[in-house]
J.: 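Pasting in a structure now, in structure tokens, and then I'll have a few things to ask.
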Amino acid sequence: MTVPRERVFTVNDLPLAELYGARLDGQVFQLADSWCVIDEIDGCSSRAVAASQLVPPRAIAERLTAAWIYGVAPEPRRHQFCVVIGARTTALWSPRAQVREIVRTPEDVHTIAGVRITTPLRTAVDLARYTPPSASSASSSSNELTALLARLLHYGTYADVTDAVHLCKRGSAAHSTLAVARFAAVSAPLSALRQRTDPSSRPVPPVSRR
């Protein structure tokens, strides 16, 4: 069977049974509810386009979906999007997506392959502000969130958490206090990431004098 050569396609292009057959034959792989030919790179662009097929055009990929698009988190079971308040676009095209209305500024959003996504900084702040504490395995969940926030800031080339904390404090106090506390734990893993990937940030060993 020959599959379409477009970057990302859906069940509107081929019946689901044929898509599953093509996957078994090694011709395609799945991203969200979309499919890509096997020689397509699983990168930010293809993930962004695949995510955009779940919602109307005005929706903005955010939180775990944005982190997945950036390649710093696994694909979430349910994708997360937002729309600017008043946009009147909360319709869902897929049960795997959820959309909320929220205030956003142009600085909070950029585009990848024509798809609107919250910036790494905005994504990290939203995750710190709106991720509820887990009732079970609280320590493990907290560590995973801390690591994810560090990866997002590192992806956005932030050297420390200063900008994230500043952005947190611009919102409501109810969510800001928890978010700021979460970012306090991010400094160490963020520094460790920088040292592993940027040799110039590593401390210079002392010169041995004999």
Side-chain angles (χ1 to χ4, degrees), residues 41-48 51 59-76 79-85 100 102-113 115-135 137-208:
I41 297 175
D42 178 8
C44 293
S45 295
S46 56
R47 288 192 290 269
I60 303 164
E62 65 160 3
R63 293 185 289 171
L64 291 176
T65 294
W68 170 65
I69 290 172
Y70 292 132
V72 299
E75 181 179 352
H79 284 274
Q80 298 171 317
F81 298 85
C82 62
V83 292
V84 177
I85 291 177
R100 62 175 183 153
I102 199 166
V103 175
R104 281 288 171 264
T105 66
E107 293 76 20
D108 291 330
V109 180
H110 65 174
T111 61
I112 296 178
V115 180
R116 297 201 294 173
I117 305 161
T118 54
T119 63
L121 179 63
R122 180 79 254 182
T123 302
V125 169
D126 285 346
L127 285 169
R129 287 170 62 86
Y130 302 116
T131 301
S134 175
S137 303
S139 177
S140 175
S141 297
S142 177
N143 291 338
E144 290 174 2
L145 178 59
T146 298
L148 175 55
L149 297 180
R151 291 195 297 270
L152 278 164
L153 293 182
H154 183 256
Y155 181 89
T157 68
Y158 291 92
D160 54 45
V161 301
T162 302
D163 289 330
V165 170
H166 178 72
L167 185 56
C168 284
K169 292 180 177 179
R170 282 169 45 188
S172 66
H175 295 293
S176 296
T177 301
L178 174 61
V180 170
R182 283 172 164 171
F183 277 113
V186 172
S187 294
L190 177 58
S191 177
L193 282 174
R194 291 187 64 233
Q195 290 182 20
R196 286 202 299 268
T197 58
D198 182 8
S200 64
S201 67
R202 298 171 186 168
V204 179
V207 177
S208 176

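Nothing fancy with the numbering, it's 1 onward along the sequence.
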J.: Ignoring hydrogens and geometry, is there a side-chain-to-backbone donor-acceptor pair from Ser46 to Gly43 under 3.5 Å?
T.: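 Judged by distance alone, yes, a pair lies under 3.5 Å.
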J.: Rounded to the nearest 0.5 Å, how far apart are CZ of Phe183 and CZ of Arg129?
T.: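 CZ of Arg129 is found 10.0 Å from CZ of Phe183.
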J.: Show, in sequence, the C-alpha distance, side-chain angles and deciding distance for Arg122 and Glu107, and conclude whether the side chain to side chain contact (heavy atoms under 4.5 Å, CB included) test is met.
T.: CA-CA 9 Å; Arg122 180 79 254 182; Glu107 293 76 20; over 6 Å; no
J.: What I'd like to find out is whether the side chain of Val180 reaches to under 4.5 Å of the side chain of Lys169, using heavy atoms alone.
T.: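 Side chain of Val180 against side chain of Lys169, heavy atoms only: contact under 4.5 Å found.
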J.: Do you know the tightest heavy-atom contact between Ala164 and Val125?
T.: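 That would be O-CG2, 3.7 Å.
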J.: Would you check if Val109 and Thr119 make a side-chain contact, meaning some heavy-atom pair closer than 4.5 Å?
T.: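 No; the side chains remain at least 4.5 Å from each other.
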J.: So which atom in Ala48 and which in Ile117 form the shortest heavy-atom distance, rounded to 0.1 Å?
T.: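 Minimum heavy-atom contact is CB-CD1, 4.0 Å.
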J.: If only side-chain N and O atoms count, and only distance matters, is there a donor-acceptor pair under 3.5 Å linking Thr105 with Asp108?
T.: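 Thr105 and Asp108 do have a side-chain donor-acceptor pair below 3.5 Å.
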J.: How far apart are the closest heavy atoms of Ile85 and Val103, and which atoms are they?
T.: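 Nearest heavy atoms, Ile85 then Val103: CD1-CG2, 3.9 Å.
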J.: Kindly give the heavy-atom pair with the smallest separation between Cys168 and Ser176, and that separation in Å.
T.: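 Here Cys168 and Ser176 meet closest at O-OG, 2.7 Å.
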J.: Measure the spacing between CG of Leu190 and CG of Leu149 and express it to the nearest 0.5 Å.
T.: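 It is 10.0 Å, given to the nearest 0.5 Å.
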J.: Let me check something: any side-chain donor-acceptor pairs from residues 60-76 under 3.5 Å, sequence neighbours excluded? List them with distances.
T.:
from	atom 1	to	atom 2	distance (Å)
Glu62	OE1	Arg100	NE	3.4
Glu62	OE1	Arg100	NH2	2.9
Glu62	OE2	Arg100	NE	2.7
Thr65	OG1	His79	ND1	3.0
Thr65	OG1	Gln80	N	2.7
Tyr70	OH	His110	NE2	2.7
Tyr70	OH	Thr118	O	2.6
Glu75	OE2	Ala32	N	3.1
Glu75	OE2	His79	NE2	2.9
Glu75	OE2	Arg96	NH2	3.0

J.: Just how far is it from atom OG1 of Thr197 to atom CZ of Arg194, taken to the nearest 0.5 Å?
T.: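 The OG1 atom of Thr197 sits 8.0 Å away from the CZ atom of Arg194.
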J.: Could you pull out the closest heavy-atom pair between Pro132 and Arg182, with the gap in Å?
T.: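 Reported closest heavy-atom pair: C-NH2, 4.1 Å.
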J.: Could you state the interatomic distance from CG (Leu148) to OH (Tyr155), rounded to the nearest 0.5 Å?
T.: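 So the CG of Leu148 and the OH of Tyr155 are separated by 13.5 Å.
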J.: Output the distance between atom CZ (Arg151) and atom OG1 (Thr146), rounded to the nearest 0.5 Å.
T.: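 Here the rounded value is 10.5 Å.
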J.: Are any side-chain N or O atoms of Ser191 and backbone N or O atoms of Ser187, one a donor and one an acceptor, separated by less than 3.5 Å?
T.: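 No: the side chain of Ser191 does not pair with the backbone of Ser187.
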J.: For residues Asp160 and Leu153, report the shortest heavy-atom separation together with the two atoms involved.
T.: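 Heavy atoms of Asp160 and Leu153 come nearest at O-CD1, 4.3 Å.
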